[in-house]
Engineer: 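I have a structure here, written as structure tokens, and I will follow up with some questions on it.
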Amino acid sequence: MLGEKQFISLLEKLDEGVIITSSEFDIMYANEIAIAYFGEKIVGKPIYNLIRNSEVIDAINESQEINISFPYASSIGKHNLQLHYYQKHENPGIIVINDRTEEEKFQNIRRDLIANVSHELRSPLTSITGFIETLQNEDVSKDQRSRFLSIMQEESNRMNRIISDLLSLSKIEIDMYKELVDEVNVIDQINIAKNALEHRAAESGKMINVVIKGDIPKIKGDADQIVEVFHNLFDNAIKYSNDGSTITAIIDLHLVDTQEYIRATIANDGAGINEEHLPRLTERFYRVDKARSRDIGGTGLGLAIVKHILIRHNANMEITSKINGKTKFIVSFPCG
Ligand code: ADP
């Protein structure tokens, strides 16, 4: 049989908070986790002092089993606690407390994402529906008709771009923990991205200039994903730079402590980004100037895709920008 000491030491080892109440609803025992949330002084106090929640108090009075979540601010921060309480009349009761803060955060991110995706898809859809109705109901000239149709086409292209970026993001997330086995030449992938976009850059008189400094070793990675990183960074550099300017990509080796990195600095001249936006640029759908990004075909997902691929490669990215000056995206892949 389990002795009292063993029982208590078992409770102390749990990841959950545990509180035991007497048949009079006084707290007889709280393990370390519960004390971290509610403080040492709770022992000896009535349970009502601890949980001032009318739903819980009613349930205690009626000897019901309770399972609720509630926000709680303790000395160790704000938490979302889930509390499971069981006590039958004239018997001791037990409360088990789980910290749901992380799950709650994750659920919030998921809810925000769904709301954002719906919002982003709804605006082009509303515009398409509006034009369909106009074309169906009104006498429109040939010129108007062709203008409406080209707007509708652009809006459906936009929906397509959003959906394909979302699928890309979700595939990256699915592959996040797949082992990287291929030996990849980063320079080759940069050149693939450059070749795919050079033409587009030239349309507004821009050039992409790749400069390689030193011998760049191969790294373990996913070649297609590395192309995607540079494709997105070049694509942004083209979209947000001054007409006729040159976009540069400098690739060199960089030592931090004893770790060597392949560092790629993609720089362009343009309007620049205000400092306050820099930490948020890799969030899904975050755009400094929504209308501008939309006009030039942005989805607000490019840098989120980049961030996720970099996480998979243990790589990191630093962004610096000067208003009406240079914007630099500095990506570092660890070697070995
Ligand atoms: P988008 O599809 O809008 O380009 P991204 O996720 O690729 O979305 O980029 C997010 C935002 O970061 C852009 O809307 C833009 O405001 C800003 N941004 C990205 N790259 C650059 C750049 N090279 N110069 C200036 N702003 C940039």
Side-chain angles (χ1 to χ4, degrees), residues 109 112-113 116-117 119-121 123-124 154-173 190 193-194 196-198 200-201 203-210 225-251 263-312 315-331:
I109 291 172
D112 283 355
L113 179 65
N116 281 337
V117 170
H119 174 77
E120 295 288 336
L121 290 177
S123 44
E154 182 40 45
E155 293 293 4
S156 49
N157 288 345
R158 212 160 88 72
M159 289 172 77
N160 251 327
R161 281 196 299 272
I162 293 173
I163 291 166
S164 83
D165 276 358
L166 282 170
L167 287 175
S168 196
L169 204 48
S170 118
K171 177 151 183 0
I172 295 161
E173 276 175 336
I190 292 178
K194 176 194 168 200
L197 288 166
E198 233 163 13
R200 264 244 329 273
E203 284 170 9
S204 47
K206 296 171 192 172
M207 264 179 47
I208 304 174
N209 191 14
V210 176
Q225 288 192 341
I226 294 178
V227 173
E228 206 168 342
V229 165
F230 291 104
H231 193 283
N232 282 332
L233 294 179
F234 284 146
D235 187 40
N236 280 345
I238 297 168
K239 284 192 299 197
Y240 301 106
S241 58
N242 298 328
D243 281 356
S245 61
T246 298
I247 292 141
T248 56
I250 298 173
I251 297 95
R263 179 172 64 176
T265 306
I266 317 293
N268 69 268
D269 291 304
I273 310 165
N274 219 318
E275 208 181 329
E276 74 199 60
H277 298 291
L278 297 180
R280 301 198 57 191
L281 292 185
T282 55
E283 288 174 22
R284 292 172 169 101
F285 296 117
Y286 190 86
R287 284 159 286 193
V288 175
D289 181 342
K290 233 176 172 161
R292 170 141 198 245
S293 154
R294 179 173 309 199
D295 287 347
I296 50 183
T299 59
L301 292 167
L303 291 180
I305 290 175
V306 167
K307 180 178 100 178
H308 281 79
I309 296 176
L310 294 182
I311 292 174
R312 183 172 178 217
N316 55 65
M317 179 164 74
E318 195 191 328
I319 310 171
T320 65
S321 188
K322 282 207 170 70
I323 294 297
N324 293 320
K326 264 201 198 322
T327 296
K328 290 185 186 174
F329 286 79
I330 307 155
V331 174

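Just so you know, ligand 1 is whichever comes first in the structure, and atom 1 is the first atom listed for that ligand. Values reported hereafter were calculated over all heavy atoms of this structure, with side chains retained and with hydrogens, waters and symmetry mates removed. As the structure is a prediction and not an experimental result, all values here were calculated from the model.
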Engineer: Among all protein heavy atoms, pick the one closest to atom 17 (C) of ligand 1 and tell me residue, atom and distance.
Structural biologist: Leu281 CD2, 4.1 Å
Engineer: Within the 4.0 Å heavy-atom shell around Gly302, which atoms of ligand 1 are there?
Structural biologist: 5 (P), 6 (O), 7 (O)
Engineer: Do Arg158 and Glu155 meet the salt-bridge criterion of a basic N to acidic O distance under 4.0 Å?
Structural biologist: yes
Engineer: Can Asn209 and Thr246 be counted as having a side-chain donor-acceptor contact under 3.5 angstrom?
Structural biologist: no
Engineer: Give me the residue, atom name and distance of the protein heavy atom closest to atom 20 (N) of ligand 1.
Structural biologist: Asn236 CB, 3.3 Å
Engineer: Let me confirm one number: the CZ-OG1 distance from Arg284 to Thr282, rounded to the nearest 0.5 Å.
Structural biologist: 10.0 Å
Engineer: For ligand 1, which part of Leu301 has a heavy atom less than 4.0 Å away: the side chain, the backbone, both, or neither?
Structural biologist: backbone
Engineer: How far does NZ of Lys326 sit from CG of Asn268, to the nearest 0.5 angstrom?
Structural biologist: 8.0 Å
Engineer: Closest heavy-atom contact between Ile305 and Asp165?
Structural biologist: CD1-O, 3.7 Å
Engineer: If you round to the nearest 0.5 Å, how far is CZ of Phe234 from CG of Leu197?
Structural biologist: 8.0 Å
Engineer: Should Glu120 and Arg287 count as an ion pair when the cut-off is N to O under 4.0 Å?
Structural biologist: yes
Engineer: Return the closest protein heavy atom for atom 23 (N) of ligand 1 as residue, atom name and distance.
Structural biologist: Asn268 OD1, 3.0 Å
Engineer: Just need the protein heavy atom nearest to atom 10 (C) of ligand 1, so name the residue and atom and give the distance.
Structural biologist: Tyr286 O, 3.3 Å
Engineer: Closest non-hydrogen protein atom to atom 24 (N) of ligand 1, residue and atom name please, with distance?
Structural biologist: Tyr240 CB, 3.3 Å
Engineer: For atom 2 (O) of ligand 1, state which one of Thr299, Ile238, Thr327 supplies the nearest heavy atom.
Structural biologist: Thr299
Engineer: Which bit of Lys239 gets closer than 4.0 Å to ligand 1, counting heavy atoms only: side chain, backbone, both or neither?
Structural biologist: side chain
Engineer: Would you mind listing which atoms of ligand 1 come within a distance below 4.0 Å of any non-hydrogen atom of Arg287?
Structural biologist: 3 (O), 14 (O)
Engineer: Please confirm whether Gly300 approaches ligand 1 to less than 4.0 Å, judged on its heavy atoms.
Structural biologist: yes
Engineer: Salt bridge or not between Arg161 and Glu154? Use side-chain N to carboxylate O under 4.0 Å.
Structural biologist: yes
Engineer: To the closest 0.5 Å, what do you measure between OG (Ser245) and CG (Asp269)?
Structural biologist: 6.0 Å
Engineer: List the closest protein heavy-atom neighbour of atom 6 (O) of ligand 1: residue, atom name, distance to the nearest 0.1 Å.
Structural biologist: Leu303 N, 2.8 Å
Engineer: Under 4.0 Å from ligand 1, counting heavy atoms only, is it the side chain of Ile273, its backbone, both or neither?
Structural biologist: side chain
Engineer: What is the closest protein heavy atom to atom 3 (O) of ligand 1, and at what distance does it sit?
Structural biologist: Ser293 OG, 2.6 Å
